[in-house]
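Treat the numbers as computed from the prediction; the structure is a model and nothing was measured. In what follows, residues are counted from 1 in the order of the sequence shown.
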Amino acid sequence: PVASFSEPTVDNTNGTFNPWLDVASIGTTNDGFRGFDIDAEDATGDFIAVYEKDTTADRTLYYRKSNGTDWSSESTITLPTAVAAEAQLYVAMENQNGSNEIMMASAGTNDDITAARWNGSDWVNITTITTNAAAIDEERFGITWESNTGNAMIVWGEGTTAANYNVWNRTNLSWGGSRLLVDRGAVVQQVDICADPLSNYVVAVMGPDSAGDLLAQAWDGTAWLTTNQPTEEGAVENAASKNAVCKWTKNNSVALIVFIDANALGFDFLTYNATDNTWKCPADGTTVTALTTTCNTGNVMSDDIEAVHVIRDPNSNDIMVMGIDLAEDLEMFIFNGATFTQPTTALLEATTTTIAGNIEPGDFDYNRLVTVTVEADTTFPVVNTALNKSLSNILNGDVINITANITDETGLSFCQIIINQSGPTALQFINISLSGTTAQCSNSSPVTLSAGGVINYTIRANDTSNNFRTNDTIVE
C-alpha cells in the first residue's frame, strides 16, 4: 500500500535535509507491486507523481505536481479504450535532460501497456503500446530517451517468447509500430533499459525470462547491435523483484550492467563501452563474450540477493548499487568504474518490510545541490557620445541632438541624460530604459543659454549589476 507522498525540505546553505513533511495522502494501491513513480522536470525541478490509488477496474491513473513547496490538487490521466479497464500494477517515468518533458509507461493486470508524455503542462500522446504483453505481473517493460535526438524508446516482453520495442519520434510526436528486438524462446518477465547521457546509445537488459535466462544488447540510435554481443546467462535469480539492471556513467559513455545468479550472495557485473562497442569485465579489462563469465563481487550479502537497484552519481562517474536479500537486508555499494566498494554504513536496514526480498522496500537518490561560485560583474559599460553640431558652432536657438552608443558584456539596465544650461537648480533629467548588451539613447533639446554661458551634457549608463559609467560633453 502507498499511504502518502512525503518531501524533504532542504537547507540550501549546506545541502542537509530537514525533517520530512507529509504533504499529500493519496490512498492505497496494489500490495506487492509498484503502481506509482515520481520524477522531476529537469528544467524547472518540479516533481510529478503518477499513481494508481485503488484497485478499481478502470482506465484511470492519478497525478500531482509539486514546486518543492506545495503539491497540486489531484488530476487524472485517462488511458485509451483499447486497453482493458483494470488497475495498473506498475508505473515507470523517465525525464528528458534539459527539458520539462517526462515519458511515462504503465502496465495493468491484463497484458496491456500504455505510454504517455508529460509536455510540461499536460499528459499528451497517450498511446496503447501493446495489448499482448508478457502475461506475468512483473516489471516487464522499460522506458528511456535518446540523449541527442530527443526520441524516446520502450522495450517490453511480448507474448510468450519475444522482446519487442517501439520508438517515439521527436519530429512527428508519435510512436511508431511495435518491432521485434529478439525472440527469446521464453516469456520475458523483466526488462530494464538505460540511455547514454552523451549519445543515442541505449542498453537493454532482458530477463530473467521464464527459463531463468538473461540477455543484454546495445542500440546505437539506428539499430540493435549483434557484433561483440555476449551470449546469454542461463541461471539467474528468478524472483518477482527486479534483479537485472543497467545504468550509464555520467560522462564517459560506459554502461554498468548488474545481475544476480540463482541463489547468489554476490553481484555479477560488466560494462559496455559505446565508443568501441565492447563488453568487458572492468576489474581486469577482459572481454566478455558470454554473460556466464562476467566480473563477480564475491559474497557480499548474508543471503540470496533478490533485488538490485542502481542510480548514477550526477557529479562523477560513480554508480550507487542497492541490494536486497532473502534475509530482508538492504545494503549499499558503490561502483567506482572498476569494482564495488561499500560506504562506511553499508547495511542500512536488516529488517526491511519486504517479505523474503520479493519487493523493493526502499529507493535512493543523490543530493543534487551543487555549489556554483559566480564571479561578481565588475566591468563598467562603455559609453561613446556624439552631437549633431561641432562644439564651436553651437548657438542660442540651435536644436542639439546628443546620442550615446552604449555596450556592456553582461546586460544594460538604463541610461540617464542630464542637461545643465542654467546651473544646478534647474537641471533637466531624461531616463531611458535599456536592455541587451548593445543599446543607444538620445535626446533633442534647444539651446536656451545666451552666448558666453556653459552647457554640460552628461550621459550615465548603468548595467544590470549596477556598474555605471558617465560621459560629459561641455559646450562653452
Side-chain angles (χ1 to χ4, degrees), residues 92 107 113 130 132-136 138-144 153-167 178-196 201-248 254-264 267-274 277-282 286-296 305-310:
I113 297 176
T130 182
N132 189 39
I136 186 166
E138 297 183 25
E139 197 166 346
R140 55 207 185 272
F141 65 92
I143 195 162
T144 195
M153 174 182 286
I154 185 169
V155 177
W156 71 94
E158 175 79 359
T160 57
T161 61
N164 282 17
Y165 73 102
N166 199 337
V167 175
S178 173
R179 288 171 277 182
L180 177 69
L181 194 164
V182 62
D183 189 333
R184 299 294 296 127
V187 178
V188 178
Q189 300 173 155
Q190 296 179 21
V191 173
D192 192 41
I193 63 173
C194 54
D196 180 12
Y201 275 72
V202 172
V203 164
V205 181
M206 296 159 282
D209 60 27
S210 55
D213 300 333
L214 178 78
L215 189 69
Q217 197 161 348
W219 164 268
D220 67 357
T222 303
W224 293 98
L225 306 177
T226 56
T227 303
N228 299 336
Q229 179 191 9
T231 58
E232 68 181 27
E233 161 67 78
V236 294
E237 187 71 14
N238 206 343
S241 53
K242 205 163 213 178
N243 43 53
V245 293
C246 66
K247 188 66 67 176
W248 293 77
V254 171
L256 171 69
I257 299 93
V258 183
F259 62 93
I260 308 158
D261 288 336
N263 307 317
F267 300 96
D268 285 349
F269 64 99
L270 72 157
T271 57
Y272 173 75
N273 193 317
N277 187 36
T278 56
W279 304 78
K280 291 185 177 181
C281 167
T286 58
T287 298
V288 174
T289 59
L291 295 183
T292 54
T293 58
T294 65
C295 292
N296 184 269
I305 304 173
E306 297 293 284
V308 61
H309 185 55
V310 290

Identify which one of Val245, Val308, Asn243 satisfies the side-chain contact (heavy atoms from CB on, under 4.5 Å) criterion when paired with Asp192. Val245

So, Arg140 side chain and Gln189 main chain: donor-acceptor pair closer than 3.5 Å or not? no

Any side-chain heavy-atom pair of Tyr272 and Leu225 under 4.5 Å: yes

Counting distance only, does the side-chain N/O of Glu237 pair as donor-acceptor with the main-chain N or O of Asn263 below 3.5 Å? yes

For a quick test of reading the model, state the closest non-hydrogen atom pair linking Asn238 to Ser210 and the distance between them. ND2-O, 4.1 Å

Assess the residue pair Arg184 and Glu232 against the criterion (salt bridge (Lys or Arg N to Asp or Glu O under 4.0 Å)); give the C-alpha distance rounded to whole Å, side-chain angles, the decisive distance to 0.1 Å, and a yes or no. CA-CA 10 Å; Arg184 299 294 296 127; Glu232 68 181 27; 2.9 Å; yes

Could you state the interatomic distance from CD1 (Ile260) to CD1 (Ile305), rounded to the nearest 0.5 Å? 5.5 Å

Side-chain donor-acceptor contact under 3.5 Å, Glu138 with Gln190: yes

Are any of the side-chain heavy atoms of Ile113 and Ile154 separated by less than 4.5 Å? yes

Backbone N/O of Gly185 and side chain of Thr161: donor-acceptor pair under 3.5 Å: no

Minimum heavy-atom distance between Ala162 and Leu180, given as atom pair plus value: CB-CD1, 3.6 Å

Distance-only polar pair, side chains of Gln217 and Trp219, donor-acceptor under 3.5 Å: no

Student check: side-chain heavy atoms of Val202 and Asp196 closer than 4.5 Å: no

What is the ring orientation for Tyr165 with Trp224, classed by angle as parallel under 30°, tilted 30 to 60°, or perpendicular over 60°? perpendicular

Looking only at heavy atoms, which two atoms of Ala134 and Val188 are closest? And how far apart? CB-O, 3.4 Å

For Leu215 and Pro230, which heavy atoms make the closest approach, and how far apart are they? CD1-O, 3.7 Å

Between the main-chain N or O of Thr278 and the side-chain N or O of Asn273, is there a donor-acceptor pair closer than 3.5 Å? no

For Ala244 and Val205, which heavy atoms make the closest approach, and how far apart are they? CB-CG1, 3.7 Å

Does the side chain of Leu291 reach to within under 4.5 Å of the side chain of Thr231, using non-hydrogen atoms? no

Under a 3.5 Å distance rule, please check whether Ser241 uses its side chain to pair with a backbone N or O of Glu306 as donor and acceptor. yes

Do Phe267 and Asn296 have side chains that get closer than 4.5 Å, going by heavy atoms? no

Is the backbone of Ala264 close enough, under 3.5 Å, to the side chain of Asp261 for a donor and an acceptor to pair up by distance? no

Do the side chains of Asn166 and Trp156 get nearer than 4.5 Å, heavy atoms only? yes

Does a side-chain heavy-atom distance below 4.5 Å link Leu214 with Met206? no

Quick one: does Asp209's side chain have a donor or acceptor within less than 3.5 Å of a partner on Asp213's backbone? yes

Minimal heavy-atom distance between Thr144 and Cys194, with the atoms involved, is OG1-C, 4.3 Å

With no hydrogens and no angle check, is any side-chain donor or acceptor of Gln229 less than 3.5 Å from a backbone partner on Ala216? yes

Are Asn164 and Ser178 close enough, and set up right, to give a side-chain hydrogen bond (donor to acceptor under 3.5 Å, both in side chains), and what steps lead you there? CA-CA 6 Å; Asn164 282 17; Ser178 173; 3.0 Å; yes

With rounding to the nearest 0.5 angstrom, report the CG to OG1 distance, Asp268 to Thr294. 3.5 Å

Mark yes or no for whether Lys242, through its side chain, and Val191, through its backbone, hold a donor-acceptor pair below 3.5 Å. yes

Using a 4.5 Å cut-off on heavy atoms from C-beta on, say whether the side chain of Leu270 contacts that of Cys281. no

